[in-house]
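As C-alpha cells, the structure follows; a few thoughts come after it.
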Amino acid sequence: MLLQQSPELDSVYVADAVGHMLMVQRYPEPAVRHIARSHGITQETWEYKPLPDDQRDPRQRFQTQRVEVRQSQYNPVARTWFTEAVRTGQPVWTTPYIFQAAQELGVTYAIPDYRRDGDDVQLMVVSGDVTLGRLSDFVHQFSSAGYGHSALISAEQQVLARSDVPGRTRSLSSPQGGVLGAIHAHLQAEGRDGTASVHFPLMIDGQRFLVQASRIASTGWQLVSWVPEDQLLGGLRRSVLLALGAMMVFLGIVLLLALHLSKRVTTPVEQLSHIARRIGRLDLDELPRVNSPVLELQHLDHALDESARGLRAFRRFVPLDVVQQLLDEGRPLQPSGEPREVTVMFTDIHGFTTLAESTPTTVLVDQLTQYFNVASEVIARHGGTIDKFTGDGIMVLWGAPTELPDAELKACQAALALLEATDRLNARWAEQQLAPFDTRIGIHTGVVVAGVLGAHDRLAYTAVGDTVNVASRIEGINRKLGTRVLVSDTTAQALAGRLTTRPIDAVELRGRQQPLMVHELLPLTRGD
C-alpha cells in the first residue's frame, strides 16, 4: 500500500536487528522479497508479481506468478542504510550505491524505529529506494518547458541527475565541463556550494545565464537550474517565476517523501504518548483512539484503552482527587506520614440501624446513594477531602493532604450546608413516603498524623491520632444532647464569631482525662 501511494519510490522495505527483511519492489519487475539470515547464510525468497495493468482482474493483480528461492551473503544489518540509521538515530539519506535487486545506482532513505513487544524493545529500520533513473525523471521536469536545464549534485560533488543530457542517468559523473561545470566551479569559488538557496547571473562563453542553486538540507544534495537569459526576453518575469515554482515543486516532493515516511510512524506514536500522559494524570474521560496500519501500534492502542477502562472502574473505589494531589506534589505512594494540623468532621445518621431493619434493601441503598451524592458535592464545594465512608457515616479532612486556610470555617460551613441539603432531601422523600435521615455531625481541630498508611500491597491516604478520635466522640455526644452539630472549643475559637455557636458544657470523653468543652453550631438565620 505504501509503495502504491509513493510513486517516487522504486522499493520499500523493513529490516530488524537479527537480519530479517521484507522488501516490496516495483522495479525492475514487481516482486516481494523475504530475507531470513541465520549462521552467516541468507535465505532469500522472491515472489514475482504481474506487471501493473489497470485492465487486469483486481483479484489477480497481486497473485504470485513464480517463486524463486536462493542463498546469498546479503546481510541487511551490514548495509550502509541500516548502520547509518542506527548510528545517527534519525532519518538518513545514503550516498549513491548499486542496488542489488535492480543493479542500478540509487540512494536510500532510512528511518530507525523501536517497537516494544512486552518488556522487549525491537529495533527496526524502514527504508525506501530511489534509483538515479527515477531522480533523472524528476530533474527532467525542470527542462520540460524548453528554456533551460537542471542538475542534482550529491554531497560528494557527483552528478546524480541532469536534464542537459538525453535519457535517464545510469551512473555517477563529475559536474566538470560544459555549462554545469562552469556553474559548479563558480559556486565553489564563491563559497556558495553550502548556501541554502542563491540565484545569480553568470556569463559563460559569451552567453549570460540565470542560475538558481538550492541546498536540500535533509540530503546534503544541491539542485542547480540554469537558463539562458536571452530566452527570457519579452517574458522574463513569467519564466523566472515558473522556474522558481518548478523548483519549489521538486523540493516539496522531496520533503513530502521524507515527511510521508516519517509521519506514518511518528504521528501515531506521538498520539499514543499523549494518551499515556493523560492516563498518567488520571485524565481518563473521552480519550481518543489511534488507528494505525502498524500492528504493534494497534496493540499499544488497545492496551492503553484497557488501562483507561480499568482505571475508570477503579476510581469509584478510591478518592482520585487525593491521589492526584499526592502525584502533583511529588509524594511517593508508599507508607508514610507527617504531623499536620487539620479539622476533622464525622457524620452519622441517627437511628440508621433501626431504619435499615424496617426498610427494603433496594430502597435503603437508593436513599444512601442519594445522600452520599449530596454530601460529597457539599464537601467538595467547601474544600474538604473525604477520607472514608464508614457504613452510614463519613470521615472528612480539611487541611490534608493540602494545607487549607480557614479550614475550621470551611468545615463548619460545610456542616451547615449538609444539614440544609439533607433537609431538602428529606422533604422530597416525605412526598414519596420514605423515612428521613437524621444527620449528626462532630467537628474538632488538632494535630494528626496524615499520610499514606496501610500495608505494602494495600494503602490508603488517611489521618490517625487523638484529634480523629475526639472528633468521632464529639459526633456521638449529639445523641445525648439532642443537637445536630457539635464542635470542639478549639474549632469554635478559630471561628472568631464568624458563625454562631452556643457553648454547651465541658463533657467527659472516653479515653481522655480532662473534660472537653463543646459548642453547638447554630444554623444561619436569614439576616446572616
Practice item. Starting from the C-alpha separation in whole Å, work towards a yes-or-no answer on side-chain contact (heavy atoms from CB on, under 4.5 Å) for Val69 and Glu44. Key: CA-CA 6 Å; Val69 179; Glu44 297 191 23; over 6 Å; no

Determine whether [X] and [Y] make a side-chain contact, defined as any pair of heavy atoms from C-beta on separated by less than 4.5 Å.
X	Y	value
Leu105	Thr131	no
Asn373	Thr369	yes
Leu210	Pro201	yes
Glu68	Tyr48	yes
Ser376	Phe389	yes
Leu404	Lys410	yes
Thr45	Val32	no
Asp387	Val396	no

Nearest heavy-atom pair of [X] and [Y]: which atoms, and what distance?
X	Y	result
Ala400	Val342	CB-CG1, 3.8 Å
Thr385	Pro401	OG1-CD, 4.0 Å
Trp46	Ala31	CE3-CB, 4.0 Å
His382	Val378	ND1-O, 2.9 Å
Arg208	Met203	N-SD, 3.6 Å
Met395	Ala463	CE-O, 3.7 Å

Exercise for review: For Leu123 and Phe82, run side-chain contact (heavy atoms from CB on, under 4.5 Å): C-alpha distance rounded to whole Å, both residues' side-chain angles, the deciding distance at 0.1 Å, then the answer.
Suggested key: CA-CA 11 Å; Leu123 169 65; Phe82 190 96; 4.2 Å; yes

Donor-acceptor under 3.5 Å ([X] side chain, [Y] main chain):
X	Y	result
Arg37	Gly40	yes
Gln25	Glu29	yes
Arg340	Val448	no
Asp16	Gly19	yes
Arg70	Gln43	no
Thr94	Thr108	yes
Thr83	Thr80	yes

Exercise for review: Compute the ring centroids of Trp81 and Trp93, then answer whether they are less than 6.0 Å apart.
Suggested key: no

In Å, rounded to the nearest 0.5 Å, how long is the span from [atom1] of [X] to [atom2] of [Y]?
X	Y	atom1	atom2	value
Arg162	Leu180	CZ	CG	4.5 Å
Met248	Ile253	CE	CD1	12.0 Å
Arg79	Ser127	CZ	OG	11.0 Å
Leu202	Phe209	CG	CZ	8.5 Å

Review point. Is Arg33 close enough and on-axis enough to Tyr74, meaning under 6.0 Å and within 45°, for cation-pi?
Key: yes

Review point. Taking it one step at a time, do Asp113 and Val14 satisfy side-chain contact (heavy atoms from CB on, under 4.5 Å)?
Key: CA-CA 10 Å; Asp113 185 26; Val14 59; over 6 Å; no

Practice item. Take Asp129 and Tyr109 through the test side-chain hydrogen bond (donor to acceptor under 3.5 Å, both in side chains) and record every step on the way to the result. Key: CA-CA 7 Å; Asp129 288 340; Tyr109 180 75; over 6 Å; no

**Study point:** Trace of the side-chain contact (heavy atoms from CB on, under 4.5 Å) decision for Met247 with Ser214
**Key:** CA-CA 9 Å; Met247 180 202 67; Ser214 303; 3.1 Å; yes

